[in-house]
Chemist: 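Starting off with a structure, shown below.
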Amino acid sequence: MKQKLYSDIDAAIADVPDGARMMFGGFGGAGFPNNLIQALARKGTKEIFAISNNCGTRDGELGILFKLNRIRHIIASFPGPHSNHFQERLAAKEVTIELVPQGILCERMRAAAAGLLGFYTAVGVGTEVAAGKEERVIDGNRCILEMPIHADFAFIKAEKADELGNLTYHLAAQNFNPIMAMAAKTTIVEVEEIVPVGSIDPESVMTPAIFVHRIVQAKGIRYAG
Amino acid sequence: MKQKLYSDIDAAIADVPDGARMMFGGFGGAGFPNNLIQALARKGTKEIFAISNNCGTRDGELGILFKLNRIRHIIASFPGPHSNHFQERLAAKEVTIELVPQGILCERMRAAAAGLLGFYTAVGVGTEVAAGKEERVIDGNRCILEMPIHADFAFIKAEKADELGNLTYHLAAQNFNPIMAMAAKTTIVEVEEIVPVGSIDPESVMTPAIFVHRIVQAKGIRYAG
Amino acid sequence: MPDKPRLTREQIAQRAALELPDGAYVNLGWGIPNLISDYLPAGITVFFHSENGILGMGRRARAGEEDFDLVDAMKVPVTLVPGASFFNQADAHLMTRGGHLDVAVLGGFQVSEKGDLANWKIPGAKGSGGIGGAMDIASGTKTVVVCMEHTTRDGAPKIVRECTYPLTGLRCVTTIVTDLAVVDVTPTGLVLREVAPQWTATEVQQLTGAKLNFADAPPEMRLK
Amino acid sequence: MPDKPRLTREQIAQRAALELPDGAYVNLGWGIPNLISDYLPAGITVFFHSENGILGMGRRARAGEEDFDLVDAMKVPVTLVPGASFFNQADAHLMTRGGHLDVAVLGGFQVSEKGDLANWKIPGAKGSGGIGGAMDIASGTKTVVVCMEHTTRDGAPKIVRECTYPLTGLRCVTTIVTDLAVVDVTPTGLVLREVAPQWTATEVQQLTGAKLNFADAPPEMRLK
């Protein structure tokens, strides 16, 4: 059986090609896969199509990738007050952004995960985010059609993994991570702790192993930016 | 603050009117709110529009309500090999059924819970379940439009509740229960055990209290049918 | 413009706190709403929701008590109350969009007489702007209270006939609490429910860009 | 019809077990597929999924060991393997529909040459019939293996040009394992991969309602 455990973080991300569609977990400083992002920066993958709630915090989180000009387009909900590298690239027209309501960002990724082909929502009707989207009325409610967001890779952060890939998250650090784990073709997780198979109670597993493809021990940065 | 805890199961369901749209949790004998169903049978609510994976097991689970001819229409996925009371009512044209693929049943309830107005899926395309539904092609895939399923009440079963309504489920007895808890206007849960607020670890809560409106201690039937 | 005292931001928050029913599940937005948790009336229990996946947020964490995996939507370390729970961001917004929260209190740049809300982007501001959870919350929540100053720094009304700022949502606002008034959005137009101490309904109307309906003299804004 | 021995249901299951790759996540349907877990080759680890919210089902529970809150989709008490997990039914079908399972093995009434599957309802049968998880599983799973007898009790082919029974899904079947053959559904039609011991490709073709492609004599069905 193929092992999911990688001892070398650079090996775990070695096949992420230029132009990859990539999801990055994290919110409010918590649950960011900072060590995976740093490895990606070292590797030099460029022309990335990114999906993330925000756009980096100074040099931290996705900041380093904008600083190095590795991201070409991003789908995000809230770039954030310290996304200065992103804002500079945006002003220089080196990156484009699709701004999405935060819950709709979650649902579009979940739709991809769940094999749904689109959904109707009232969120965003009459606002800038409705531009270019199909609009209709269902049961008297104006709504727009939102499409799934898929990805080649998700970089996520969890607290514990067993060697099969079952995950748990710490406090509010799960945020986008469980959703992205389900939505990407290949999910790579960095964890605080790797535990033996059988040591996570089946009722306590937050992301089942089926969604997790590669596991690395987080070493170095926990919070960045 | 309004108390969610009811000491009397009949009081907890006293306001369920004739014609109510009702969800009932449970699958494979596990996680059925059997004591709530028995209370509803005692109360005599009729003309029920039911939503449930199956249609009763002999006299057990929903069987008693079909036996008493209290259900007028049901949305279900798999009536089941021992749904004899339902099958008799169906043959006598005393009840109608909408058969739905099981995962689509879940998603339609979740769509209601999540404030979505409809979604497209490839499941059921070209089959009987596509009859009368809007069909289109998205990204080269044939798909049909599925609509949310709402309910006035959900009757569910959980293992533990705290007095605020945070729930945990036992093993595979969660099945449809957490979804229905989120989808109905009023969710009534029967539990094996009521515990003090604060005694369920916040990371272990499976259904947050916001989705739960009334709590009763299960007394009597655990498995039925 | 009358040169009379207006409510402080803290007083706006204090007044808005009275809109929260006992037992309510509540989301508080950036700005003034974030001050509300300090002003809950005695005997009222509410459960604070955060869109990063928390129900039952307590007070801010004290120095030394912080866990940076337990932060609110503004990235501030917080604590929990007994009976709290964690969940993922999709479930957090299932709660907002699906109408499960009782009240959301949001900041605002403009509110229209129909209850349209603009609160995420100032026209002409540089940079990308950011939506965050505001559109989901405004769209789905049963009762949306907006806290804001009654006018801009330049004295322009923020309650208007039609919003000119980029919209957050259509017909979503229930009540507006400002430094001058409490205004309800109703099917027949805006209703001036209360006015700030020393202010008259007519004076408040002069600083409002849409018609306010009121009978006789509306009562003074209560803070407790 | 040649009066020669056909594979038993157990042997069909045994052959189908060889289609499961090491490390695969697998759902087993009602009927013959449910026998497969007894025939996994040595050295192969697969993880069984159940649509009521289990990943990592183990063997059936022994007498006295049952917990009726831990049952498979057929209501049979089961056990867990180390590393199992529980989740709700929506997430269970997110896995099926979203393409997360590697293989599903389903029973079948008919399979068409394009890979359409009919497996939930017999025309004219009394009662409501029931769909269960079959449509979600057939629609989403990467590899769908159908286990069935090659012909009905009356000798009619179950592999057909067009299904006449109510459909479960269109173009969803990857491979068919019967008591006479292993047949792959390919873009250019059905390919006869293996035939049962003592049977010839021509004989199998005679009992099949659609054209089977094969080069020379296909190899004998292996069971291990």
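Computed from a prediction, not measured in an experiment: that's the story for all the values here. Proteins get letters first, then strands, A, B, ... in listed order; numbering begins at 1 in each.
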Chemist: Rounded at 0.5 Å granularity, tell me how far NZ in C:Lys75 sits from CZ in A:Phe27.
Modeler: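 Result: 10.0 Å between the selected atoms.
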Chemist: To the nearest 0.5 Å, what is the distance between CZ (A:Arg222) and CZ (C:Phe68)?
Modeler: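 Nearest 0.5 Å value for the CZ-CZ distance: 11.5 Å.
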Chemist: Taking NZ in A:Lys160 as the centre, count heavy atoms belonging to other residues, nucleotides or ligands within less than 6.0 Å. Is the count above 12?
Modeler: no
Chemist: Under 4.5 Å from any heavy atom of chain C, what part of A:Phe176 do you find: side chain, backbone, both or neither?
Modeler: both
Chemist: Counting heavy-atom pairs closer than 4.5 Å to chain C, which one of A:Pro79, A:Ala173, A:Ala172 comes out on top?
Modeler: A:Ala172
Chemist: Given heavy-atom pairs under 4.5 angstrom as the criterion, report whether the side chain, backbone, both or neither of C:Thr96 touches chain A.
Modeler: neither
Chemist: Heavy-atom distances under 4.5 Å only: say whether C:Ala138 touches chain A with side chain, backbone, both or neither.
Modeler: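 It is neither, since no heavy atom gets under 4.5 Å.
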Chemist: Do you know which of C:Asp67, C:Val71, C:Asp91 has the most heavy-atom pairs under 4.5 Å to chain A?
Modeler: C:Asp67
Chemist: Can you say whether A:Ser83 sits under 4.5 Å from chain C via the side chain, the backbone, both, or neither, judging by heavy atoms?
Modeler: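 Answer is neither: A:Ser83 stays 4.5 Å or more from chain C.
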Chemist: For C:Glu162, look at atom CD and say whether over 12 heavy atoms of other residues, nucleotides or ligands are found less than 6.0 Å away.
Modeler: no
Chemist: Specify which of A:Gly103, A:Pro178, A:Gly28, A:Cys106 makes the most heavy-atom pairs with chain C at under 4.5 Å.
Modeler: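 Between A:Gly103, A:Pro178, A:Gly28, A:Cys106, the count favours A:Gly103.
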Chemist: Contact between A:Tyr169 and C:Asn88 at the side-chain level, heavy atoms closer than 4.5 Å - yes or no?
Modeler: no
Chemist: Should we say atom CZ of C:Arg161 is surrounded by more than 12 heavy atoms from elsewhere, each under 6.0 Å from it?
Modeler: no
Chemist: Under 4.5 Å between any side-chain heavy atoms of A:Val129 and C:Met135, yes or no?
Modeler: yes
Chemist: Is A:Arg72 atom CZ crowded by more than 12 heavy atoms from other residues, nucleotides or ligands, each under 6.0 Å away?
Modeler: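 Count over threshold, so yes.
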Chemist: What about A:Phe78 and C:Trp30, are their ring centers closer than 6.0 Å?
Modeler: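 Aromatic pair counts; centres sit under 6.0 Å.
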Chemist: Would you say that more than 12 heavy atoms from the other residues, nucleotides or ligands in this model lie under 6.0 Å from the CZ of C:Arg171, or not?
Modeler: no
Chemist: What closest approach, in Å, do C:Ile131 and A:Pro101 show between heavy atoms, and which atom pair accounts for it?
Modeler: CG2-CA, 3.9 Å
Chemist: Quick check on C:Lys121 against chain A: is it the side chain, the backbone, both or neither that has a heavy atom closer than 4.5 Å?
Modeler: side chain
Chemist: Could you have a look at C:Gly140, C:Gly130, C:Gly132 and say which one has the most heavy-atom pairs with chain A under 4.5 angstrom?
Modeler: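 Between C:Gly140, C:Gly130, C:Gly132, the count favours C:Gly132.
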Chemist: Quick check: do A:Ile104 and C:Arg97 have side-chain heavy atoms less than 4.5 Å from each other?
Modeler: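 A:Ile104 vs C:Arg97: side chains touch.
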Chemist: Side-chain contact, heavy-atom cut-off 4.5 Å: C:Trp120 with A:Glu128?
Modeler: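 Contact flag for C:Trp120/A:Glu128 side chains = yes.
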Chemist: Between C:Leu170, C:Thr168, C:Leu167, which is the residue that forms a side-chain contact (heavy atoms from CB on, under 4.5 Å) with A:Thr127?
Modeler: C:Leu167
Chemist: Checking A:Ala91 against chain C: side chain, backbone, both or neither under 4.5 Å from a heavy atom?
Modeler: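 Neither the backbone nor the side chain of A:Ala91 comes within 4.5 Å of chain C.
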Chemist: Less than 3.5 Å apart, any donor N or O on the side chain of C:Glu51 or A:Gln102 sitting next to an acceptor on the other?
Modeler: no
Chemist: Which value, rounded to the nearest 0.5 Å, describes the distance between A:Asn53 atom CG and C:Asn52 atom CG?
Modeler: 9.5 Å
Chemist: Decide yes or no for A:Val123 and C:His93: does some side-chain heavy atom of the first lie under 4.5 Å from some side-chain heavy atom of the second?
Modeler: no
Chemist: Quick one: what part of A:Leu90 sits under 4.5 Å from any heavy atom of chain C, side chain, backbone, both or neither?
Modeler: side chain
Chemist: Please confirm whether the backbone N or O of C:Gly127 pairs with a side-chain atom of A:Gln87, one donor and one acceptor, at under 3.5 Å?
Modeler: no
Chemist: Considering only heavy atoms, which portion of A:Thr207 lies under 4.5 Å from any heavy atom of chain C: side chain, backbone, both, or neither?
Modeler: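 For A:Thr207, neither part sits under 4.5 Å from chain C.
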